[in-house]
J.: 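Below you'll find the structure I mean.
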Amino acid sequence: MPMSKSRKFVKIVKKKIPWIQHVLDNVRDALDLNLLENELKIKVPRKSMCIYCRGTKNLCGKSRCPVIIKMYSYIKIKPLIEDLQLEGSSPPAVFIGRYGYPRVYAGPLVPPLLGDTGIYDYPEKWLNMNIDQIVDMRLKLIRGKFLVNVKKFEDAGKLMDLTLELALSANSVETDVQFKKKPSKAIVLDDQVQPMGPSAPLKKLEISNSKWDKRLEKAFYDYDLKASEAILELHKHGVPVSRIQRAFSVGAFGLRRLRRLVPTRWSITAVDSIISREIRDEIVKRCPPINEYRVYEAKFLGNKFIVMMMPEAWSYELIEAWYPGSAWNPSRRYISIGGDWEGYAGRTTYAKIGGCYYAARLAVTEHLSRERRQAAVIVLREAYPDYILPLGVWSVRESVRSALRSKPIKFDTLEEALRHISARLKIRMRHWIETSELLKRALLQKKITRYLTKGNTF
């Protein structure tokens with residue numbers, strides 16, 4: 001990719017994101033689309049240029065306006081949300097908000113459709129969908145909400161009881177909701193959670209044909225089982241991570257007196273972090289290293305993921321490069337690149353690049369634990385302009401899982417592996433090396449084995 005020597009090619013981004021228990025309000029109502037006569041409000045990051053662009057001037061450099069994509073999906077469901085009454089089958093799905101913590105909005109997500117809607121909240125099954133299909137599907141989920149104190153949710157009454165019952169259900173649940181007012185037209189852009197449709201305060205909620213997932217039910221009624229232990233046990237028995245995250249968010253796990261609602265955004269990263277940390281420390285680190293360099297690859301929705309494993313003790317790094325016009329890089333000039341890493345001992349602070357770090361780490365540790373091996377692992381991501389809309393960290397987890405299901409290309413030396421990777425990525429290898437802590441160490445740090453010759457002893 002030729003660039004002028006006088007122009008800076010890459011800038012390093014060190015985005016600071018608070019740890020999981022912090023609340024950071026970083027969105028505001030930004031624009032009204034004339035096509036819907038000022039009905040549809042979109043929430044975008046502060047200082048966004050969207051309010052000046054309105055999807056017509058391409059100021060952000062994206063090939064397609066994410067607001068317009070959402071608008072098209074909204075137009076399709078608009079006639080179905082004009083009433084105060086909604087009948088549909090929840091996938092099941094729920095959402096626990098974070099603004100106003102510890103008093104937050106909670107409630108079910110219900111589409112105006114009856115039947116099997118399980119796929120609507122099952123991101124593990126979305127890898128074969130395109131961005132329009134995912135957004136179309138998710139924006140059909142209308143969010144009913146009510147205020148609840150996260151520490152006293154068991155006293156919140158019938159609405160909370162039914163929401164919890166939904167979250168633990170194994171299949172789609174017929175749901176009848178009555179709103180206090182018509183669902184709003186507000187849609188939130190978020191890089192942690194999946195998209196969802198309009199919302200409205202709940203007046204009444206009724207469900208039928210609910211049947212709990214027996215594995216979740218067992219954990220729910222074990223009041224002596226710690227939340228982290230419940231999460232690990234469920235993952236061990238094959239419960240999808242998305243279901244564990246959903247149940248954890250409604251306070252279904254933990255010692256009875258300590259159970260709390262967990263905002264959905266936080267529960268996603270918490271579950272990824274808890275599981276991957278346990279697998280890393282209790283399985284992966286106790287296994288022998290791999291004996292070659294491996295490179296895995298996957299593509300998904302305008303993203304390319306390269307996973308490189310090196311025959312060393314456990315360490316891990318995720319580096320993301322966002323092209324101009326991609327979801328989180330409005331610059332028309334620079335590729336933004338940033339990442340974070342951990343050594344053998346892990347880390348004690350929240351990763352600068354957020355929840356995607358833990359989502360990818362989960363996929364990596366799952367793979368190594370199945371092989372009963374350990375390795376130094378570097379995940380490289382190029383996000384191209386086609387990736388115009390953030391869909392949640394599930395896309396990183398499932399993309400890395402997909403890459404690791406493929407057959408790796410193996411090499412005897414690091415230099416050979418890097419030459420191969422360089423041919424598979426658009427950004428020059430020197431920029432990845434400049435950003436990567438693990439690559440710099442592997443290339444520049446002298447190991448004691450270099451000074452050992454045959455017959456040497458200590």
J.: Under 30°, 30 to 60°, or over 60°: which ring-plane class applies to Tyr350 and Tyr358, parallel, tilted or perpendicular?
T.: parallel
J.: Could you tell me if the side chain of Leu391 sits less than 4.5 Å from the side chain of Pro195, heavy atoms only?
T.: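 Yes, side chains in contact.
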J.: Do you know which of Arg277, Arg280, Arg347 makes salt bridge (Lys or Arg N to Asp or Glu O under 4.0 Å) with Glu342?
T.: Arg280
J.: Do the side chain of Ser273 and the main chain of Ala270 share a donor and acceptor less than 3.5 angstrom apart?
T.: no
J.: Give a yes or no on whether the backbone of Gly118 and the side-chain of Ser172 come within a donor-acceptor separation of less than 3.5 Å.
T.: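 Yes, because the side chain of Ser172 sits within donor-acceptor range (under 3.5 Å) of the backbone of Gly118.
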J.: Counting only heavy atoms not in Lys299, do more than 12 sit closer than 6.0 Å to its NZ atom?
T.: no
J.: Tell me whether Asp224 contacts the main-chain N or O of Asp222 through its side chain, where contact means a donor paired with an acceptor under 3.5 Å.
T.: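 Side chain of Asp224 to backbone of Asp222: no pair is present.
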J.: Flag the pair Lys304 / Tyr384 as yes when at least one side-chain heavy-atom distance between them is below 4.5 Å, and no otherwise.
T.: yes
J.: When you measure from the side chain of Glu317 to the backbone N and O of Ser436, does any donor-acceptor pair fall under 3.5 Å?
T.: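 Not a single qualifying donor-acceptor pair exists.
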J.: State whether a side-chain donor-acceptor pair under 3.5 Å links Glu124 with Ser242.
T.: yes
J.: How far apart are the closest heavy atoms of Gln374 and Trp314, and which atoms are they?
T.: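 Closest approach of Gln374 to Trp314, heavy atoms only: OE1-N, 2.8 Å.
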J.: Does atom NZ (Lys204) have a neighbourhood of more than 12 heavy atoms from anything else shown, all under 6.0 Å?
T.: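 No, the 6.0 Å shell around NZ holds no more than 12 heavy atoms from other groups.
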J.: Using side-chain contact (heavy atoms from CB on, under 4.5 Å), reason through Ile268 and Gln194 one step at a time and then give a plain yes or no.
T.: CA-CA 11 Å; Ile268 291 171; Gln194 302 94 306; 4.2 Å; yes
J.: In this structure, which one of Leu216, Leu258, Val262 forms a side chain to side chain contact (heavy atoms under 4.5 Å, CB included) with Phe253?
T.: Leu216
J.: For Arg286, is there an ion pair with Asp281 - N to carboxylate O distance below 4.0 angstrom?
T.: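 Not counted as a salt bridge, because no side-chain N and carboxylate O are separated by less than 4.0 Å.
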J.: Are Asp272 and Arg361 side-chain neighbours, meaning at least one heavy-atom pair lies under 4.5 Å?
T.: no
J.: Under 6.0 Å between ring centres: does that hold for Tyr316 and Tyr357?
T.: yes
J.: How about Leu86 and Pro183: do any of their side-chain heavy atoms sit closer than 4.5 Å?
T.: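 A side-chain contact under 4.5 Å is absent here.
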J.: Salt bridge (Lys or Arg N to Asp or Glu O under 4.0 Å), that's the test. Do Glu206 and Lys158 meet it? Break it down for me.
T.: CA-CA 9 Å; Glu206 299 289 344; Lys158 184 178 179 181; 3.0 Å; yes
J.: For a quick test of reading the model, state the closest non-hydrogen atom pair linking Ala167 to Val250 and the distance between them.
T.: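 So the two residues come closest at CB-CG2, 3.6 Å.
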J.: Which heavy-atom pair separates Gly302 from Tyr387 by the least distance, and what is that distance?
T.: O-CB, 3.9 Å
J.: Between the side chains of Ser169 and Ser210, does any donor sit under 3.5 Å from an acceptor?
T.: yes
J.: Once you round to the nearest 0.5 Å, how far does OG1 of Thr269 lie from CD1 of Ile274?
T.: 10.5 Å
J.: Grab the two heavy atoms, one from Gly251 and one from Leu261, that are nearest each other, plus how far apart they are.
T.: N-CD2, 4.1 Å
J.: So do Val379 and Val396 actually touch side chain to side chain, heavy atoms under 4.5 Å?
T.: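 Counting from C-beta outward, Val396 and Val379 never come under 4.5 Å.
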J.: Any ion pair linking Glu233 and Lys226 (charged N to carboxylate O, less than 4.0 Å)?
T.: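 Here Lys226 does not pair with Glu233 in a salt bridge, since their nearest N and O are not under 4.0 Å apart.
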J.: Considering non-hydrogen atoms only, spot the tightest contact between Val393 and Gly355 and give its length.
T.: CG1-C, 3.7 Å
J.: Can you tell me how far apart CH2 (Trp432) and CD1 (Ile337) are? Round to the nearest 0.5 Å.
T.: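 Result: 4.5 Å between the selected atoms.
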J.: Specify the closest pair of heavy atoms between Arg243 and Ala170, including all atoms of both residues, with the distance to one decimal.
T.: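 Closest approach of Arg243 to Ala170, heavy atoms only: NH2-O, 3.5 Å.
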